[in-house]
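Quick one: the structure is below, and I'll ask about it shortly.
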Amino acid sequence: SVANLPTGSACGTNNKACASGFCVDGVCCATGCAAACQACNLSGKLGTCSPEPDGTTCGSTSCTGFTLTALQCKTGGCAPKVSTCPGYYSCDTAGQTCRTSCTNNGDCNASAAYCAGTTCAAKKTNGVTCQNGFECTSGNCIDGVCCNSTCTGTCTSCKVAGKLGTCSSIPAGQDPDKE
């Protein structure tokens with residue numbers, strides 16, 4: 001025969017071991033304590049169904065695009081905590097967490113960043129040195145700098161002194177291929 005243990009006693013998973021009839025979270029509990037974010041094994045409250053601390057995970061985490069949604073306890077209930085993936089990273093292919101490195105631009109938030117080696121880097125503003133259009137917020141890398149347009153006109157450049165990053169006419173007498 002099994003003894004009827006008082007609340008707070010270790011019971012494994014055996015409800016019959018507890019005088020209350022409830023073995024919850026490995027201890028005899030006064031009640032069934034079935035609600036999310038409630039536990040019976042909290043330090044200082046053994047045997048009493050009590051709210052779990054805010055931030056305790058209470059369900060699965062999902063990640064879509066660049067948005068991480070984690071289910072966490074908040075004031076005794078389970079609620080979603082929504083955040084943007086840090087460092088311009090996108091969600092992993094399993095859709096459960098944010099990436100922490102990149103191998104291509106698709107691993108980064110394409111509207112704000114690009115993959116520079118293994119790190120998502122913020123896109124550059126007009127006038128900043130670049131090698132590819134995807135590095136620039138404008139999408140245009142012309143004459144080695146991010147430019148406000150594609151700058152396809154004759155005798156125009158994005159590297160005109162005083163107008164760096166803006167497609168401008170090259171002043172008369174200047175060689176467009178010399179800085």
Side-chain angles (χ1 to χ4, degrees), residues 25 34-39 41-43 50-179:
D25 301 319
C37 294
Q38 301 287 309
N41 63 349
L42 299 177
S43 179
S50 305
E52 292 194 65
D54 285 357
T56 301
T57 300
C58 58
S60 61
T61 299
S62 65
C63 197
T64 305
F66 314 101
T67 304
L68 183 67
T69 304
L71 295 176
Q72 296 182 341
C73 296
K74 184 174 181 181
T75 60
C78 189
K81 179 182 179 190
V82 179
S83 60
T84 301
C85 289
Y88 301 109
Y89 292 103
S90 66
C91 298
D92 67 0
T93 54
Q96 296 177 336
T97 189
C98 297
R99 295 178 192 278
T100 56
S101 66
C102 61
T103 57
N104 60 59
N105 291 336
D107 294 344
C108 304
N109 182 339
S111 65
Y114 66 99
C115 186
T118 60
T119 304
C120 291
K123 287 194 174 187
K124 301 171 183 177
T125 57
N126 291 340
V128 177
T129 302
C130 61
Q131 293 180 345
N132 294 291
F134 61 76
E135 297 174 30
C136 306
T137 55
S138 65
N140 302 305
C141 181
I142 309 296
D143 302 321
V145 296
C146 293
C147 190
N148 69 331
S149 73
T150 56
C151 202
T152 56
T154 304
C155 292
T156 60
S157 175
C158 281
K159 286 183 92 170
V160 173
K163 298 178 181 181
L164 197 62
T166 302
C167 185
S168 303
S169 295
I170 298 169
Q174 283 190 5
D175 184 343
D177 294 325
K178 304 239 181 206
E179 294 181 31

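Numbering of residues begins at 1 and proceeds along the displayed sequence.
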Q) Where is the tightest heavy-atom contact between Y89 and T119, given as atom of each residue plus distance? A) OH-CA, 3.5 Å
(Q) Can you confirm whether V145 sits close enough to L164 that some side-chain heavy atom of one is under 4.5 Å from a side-chain heavy atom of the other? (A) yes
Q: Look only at the side chain of D54 and the backbone of T75, and say whether a donor-acceptor pair between them is shorter than 3.5 Å.
A: yes
Q) Counting distance only, does the side-chain N/O of K74 pair as donor-acceptor with the main-chain N or O of T56 below 3.5 Å? A) no
Q. With no hydrogens and no angle check, is any side-chain donor or acceptor of D92 less than 3.5 Å from a backbone partner on G95?
A. yes
**Q.** Heavy-atom closest pair, residues Y88 and A121
**A.** CD1-C, 4.4 Å
Q) Counting only N and O atoms by type, is there a donor-acceptor contact under 3.5 Å from the side chain of E135 to the main-chain atoms of N132? A) yes
Q) So C37 and C73, disulfide (SG to SG under 2.5 Å) or not? Walk me through it. A) CA-CA 6 Å; C37 294; C73 296; 2.1 Å; yes
Q. Does any non-hydrogen side-chain atom of V128 lie less than 4.5 Å from one of K123?
A. no
(Q) Please determine whether side chain to side chain contact (heavy atoms under 4.5 Å, CB included) holds for the pair T61 and Q96, giving the CA-CA distance in whole Å, both sets of side-chain angles, and the decisive distance to 0.1 Å. (A) CA-CA 6 Å; T61 299; Q96 296 177 336; 5.8 Å; no
Q. Just wondering, do C58 and L71 contact through their side chains at under 4.5 Å, heavy atoms?
A. yes
(Q) For the cysteine pair C146/C158, does the gap between the two SG atoms stay under 2.5 Å? (A) no
Q: Could you tell me whether a side-chain N or O of N140 sits under 3.5 Å from a main-chain N or O of I142, the two making a donor and an acceptor?
A: no
Q) In Å, rounded to the nearest 0.5 Å, how long is the span from CD of Q38 to SG of C78? A) 11.5 Å
Q. From Y114 OH over to N105 CG, what is the distance, rounded to the nearest 0.5 angstrom?
A. 9.0 Å
Q) Going from CD on E52 to OG1 on T57, what distance comes out if it is rounded to the nearest 0.5 angstrom? A) 9.5 Å
Q: Look up atom SG in C63 and atom CG in L68, then write down how far apart they are to the nearest 0.5 Å.
A: 5.0 Å
Q) Has the side chain of K124 got a donor or acceptor atom that lies under 3.5 Å from a matching backbone atom of C130? A) no
Q.
Taking side-chain contact (heavy atoms from CB on, under 4.5 Å) as the criterion, tell me which of T125, N126, N148 meets it with S138.
A. N126
Q: Could you please spell out the steps behind the side chain to side chain contact (heavy atoms under 4.5 Å, CB included) verdict for C147 and C141?
A: CA-CA 6 Å; C147 190; C141 181; over 6 Å; no
Q. Will you find, in the side chains of S157 and D143, an N or O donor that is under 3.5 Å from an N or O acceptor?
A. yes
Q. Can you check side chain to side chain contact (heavy atoms under 4.5 Å, CB included) on C91 and C85, steps first, answer last?
A. CA-CA 7 Å; C91 298; C85 289; 4.1 Å; yes
Q: Start with the C-alpha gap between F66 and S90, add the side-chain angles, then the distance that decides, and say whether side chain to side chain contact (heavy atoms under 4.5 Å, CB included) holds.
A: CA-CA 5 Å; F66 314 101; S90 66; 3.4 Å; yes
Q. If you round to the nearest 0.5 Å, how far is SG of C167 from NZ of K159?
A. 14.0 Å
Q) Taking the SG atom of each, are C120 and C108 under 2.5 Å apart? A) yes
